[in-house]
Amino acid sequence: MGRRARQQRALALLPVCLALTFSLTAVCSSYWCEGTRRVAKPLCQDRPGVLHCIHYSRGSSDNGSQAVQYIWEMGDDKFVQRKFHVGLWQSCEETLGSTGENCRSFQSVIPAEEQGVLWLSIGAEVLNILLTLTSVVLLGSRVRHHSGFHWLKVDASVAILTVLAGLLAMVAHMMYTTIFQITVNLGPEDWKPQTWDYGWSYCLAWGSFALCMVASVMATSRYTAARRELAEKKSGQKGSQHSPQDFQKPKASESVWETEAAPSPAGCALISVSKHLPPEAPGKVSVC
């Protein structure tokens, strides 16, 4: 029975640990949103040996100051699509012709009036992580120790902490979504994406919110069941305390009257009643 109880406690700890892992991974990563940007191709001198370029020099200048470049690529051929991804902290974009990335602070990209909202979003994410971590510690102590803890208080605290963490996470995600959409419309031209969508970090963040809600419901269910069981035990103990007194009370059908016949004049018998009479009543009753 102890092993089964330990397994149930470990199972209750699982969703909270997953929620904490998802939150930490999402906050530390930069794949909340990802997409492509349409940028013009660099000049020919930046790409030696590239096709579609004609170099024509006027005069005999060796420094190339009189050089003219002709590019016959037209329309969309003059542009290239660069992939980018954005997180809470930074925005990264792939480098053309190499495997590296150019990253810059996401705070430097968003409009100035929205930077306060970004910090509120980050603060809510940090509080969400702290509350979830506290829940993990409480449930971990519940798994490791069998006695000496007030498990009802632990379950009640975990239910409150996880629901608060989930609500904070929901508010933080919604604020970040709003900030990103505003930046897409009002941000700098050298950052605006052509196409974008939510990334895997954004999905992990909302998965953490869902797991916090599940953990809160489970803790509330355990708390309710424990309170009901405790109330039933108390009522059973009160019933067992009253039951001996009930058995000591004599029933009317089992009451015994001790009688004693005595001769009396005129054919009457005097019966002595020894029990169940008031003290001031006569001890004998005349029966004719």
Side-chain angles (χ1 to χ4, degrees), residues 14-39 76 79-96 98-133 135-136 161-217:
L14 180 61
V16 189
C17 290
L18 286 176
L20 180 61
T21 304
F22 286 2
S23 292
L24 286 173
T25 305
V27 169
C28 296
S29 63
S30 60
Y31 286 86
W32 285 63
C33 299
E34 49 188 343
T36 58
R37 286 186 60 242
R38 185 187 182 188
V39 296
D76 292 338
F79 300 93
V80 65
Q81 301 291 333
R82 288 186 181 179
K83 294 182 179 180
F84 79 98
H85 53 90
V86 186
L88 288 173
W89 308 102
Q90 62 182 2
S91 173
C92 298
E93 181 180 308
E94 68 177 355
T95 305
L96 187 62
S98 64
T99 57
E101 290 182 337
N102 291 326
C103 297
R104 53 179 168 174
S105 174
F106 182 57
Q107 186 180 3
S108 64
V109 174
I110 64 175
E113 60 272 12
E114 300 296 333
Q115 292 185 3
V117 182
L118 176 63
W119 284 111
L120 284 177
S121 176
I122 294 174
E125 293 287 353
V126 173
L127 284 177
N128 163 40
I129 292 174
L130 291 177
L131 291 176
T132 309
L133 179 61
S135 301
V136 170
L161 290 174
T162 49
V163 74
L164 287 177
L167 292 176
L168 282 171
M170 180 184 67
V171 172
H173 305 343
M174 294 177 67
M175 285 193 295
Y176 179 83
T177 304
T178 304
I179 293 168
F180 182 81
Q181 292 176 354
I182 292 175
T183 308
V184 168
N185 296 324
L186 304 178
E189 292 296 332
D190 62 343
W191 180 88
K192 284 185 179 180
Q194 183 182 14
T195 61
W196 65 274
D197 200 354
Y198 298 109
W200 57 266
S201 300
Y202 191 79
C203 297
L204 283 182
W206 280 107
S208 174
F209 159 75
L211 287 170
C212 283
M213 294 295 103
V214 170
S216 177
V217 170

message: Given E93, which partner from the list R37, R104, K192 fulfils the salt bridge (charged side-chain N to carboxylate O under 4.0 Å, His left out) test?
response: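 Exactly one option meets the salt bridge (charged side-chain N to carboxylate O under 4.0 Å, His left out) with E93, and it is R37.
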
Hey, does the side chain of [X] reach the backbone of [Y] with a donor-acceptor pair shorter than 3.5 angstrom?
{"X": "Q107", "Y": "Q115", "answer": "no"}
{"X": "S208", "Y": "L204", "answer": "no"}
{"X": "S216", "Y": "C212", "answer": "no"}
{"X": "S23", "Y": "A19", "answer": "yes"}
{"X": "E94", "Y": "K83", "answer": "yes"}

- prompt: Would a line drawn from the ring center of W32 to the ring center of Y176 be shorter than 6.0 Å?
  reply: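 Distance test on ring centres: under 6.0 Å, yes.
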
Minimum heavy-atom separation for [X] to [Y], with atom names?
{"X": "F209", "Y": "G166", "result": "CD1-O, 3.0 Å"}
{"X": "E125", "Y": "A172", "result": "OE2-CB, 3.3 Å"}
{"X": "E101", "Y": "C92", "result": "OE1-CB, 3.8 Å"}
{"X": "S29", "Y": "A26", "result": "OG-O, 3.1 Å"}
{"X": "H173", "Y": "A205", "result": "NE2-O, 3.0 Å"}

query: How are the rings of Y202 and Y198 set relative to one another: parallel (under 30°), tilted (30 to 60°) or perpendicular (over 60°)?
result: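 Parallel, since the angle between the ring planes stays under 30°.
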
message: Tell me whether the rings of Y31 and W200 are parallel (<30°), tilted (30 to 60°) or perpendicular (>60°).
response: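 Plane angle under 30°, so parallel.
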
Once rounded to the nearest 0.5 Å, what's the spacing between atom [atom1] of [X] and atom [atom2] of [Y]?
{"X": "M213", "Y": "M170", "atom1": "CE", "atom2": "CE", "answer": "7.5 Å"}
{"X": "T195", "Y": "E34", "atom1": "OG1", "atom2": "CD", "answer": "10.5 Å"}
{"X": "S121", "Y": "F180", "atom1": "OG", "atom2": "CZ", "answer": "13.5 Å"}
{"X": "L161", "Y": "L131", "atom1": "CG", "atom2": "CG", "answer": "6.0 Å"}
{"X": "E114", "Y": "Q181", "atom1": "CD", "atom2": "CD", "answer": "11.5 Å"}
{"X": "T162", "Y": "L211", "atom1": "OG1", "atom2": "CG", "answer": "11.0 Å"}

Do [X] and [Y] come within less than 4.5 Å of each other through their side chains, counting heavy atoms only?
{"X": "T183", "Y": "W191", "answer": "yes"}
{"X": "V117", "Y": "T178", "answer": "no"}
{"X": "L133", "Y": "L20", "answer": "yes"}
{"X": "S201", "Y": "T25", "answer": "no"}
{"X": "L118", "Y": "I122", "answer": "yes"}
{"X": "V16", "Y": "T132", "answer": "yes"}

message: Go through it in stages, so that I can follow the logic: the residues are V27 and L88, the test is side chain to side chain contact (heavy atoms under 4.5 Å, CB included), and I'd like the CA-CA distance, side-chain angles, deciding distance and then a yes or no.
response: CA-CA 7 Å; V27 169; L88 288 173; 4.2 Å; yes

- prompt: Quick one: which of R82, R38, Q81 gives a side-chain hydrogen bond (donor to acceptor under 3.5 Å, both in side chains) with Q194?
  reply: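 Going through the options one by one, the only one that passes is Q81.
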
query: Would F84 and W196 count as a side chain to side chain contact (heavy atoms under 4.5 Å, CB included) if you check the C-alpha gap in whole Å, the side-chain angles of each, and the deciding distance to 0.1 Å?
result: CA-CA 9 Å; F84 79 98; W196 65 274; 4.2 Å; yes

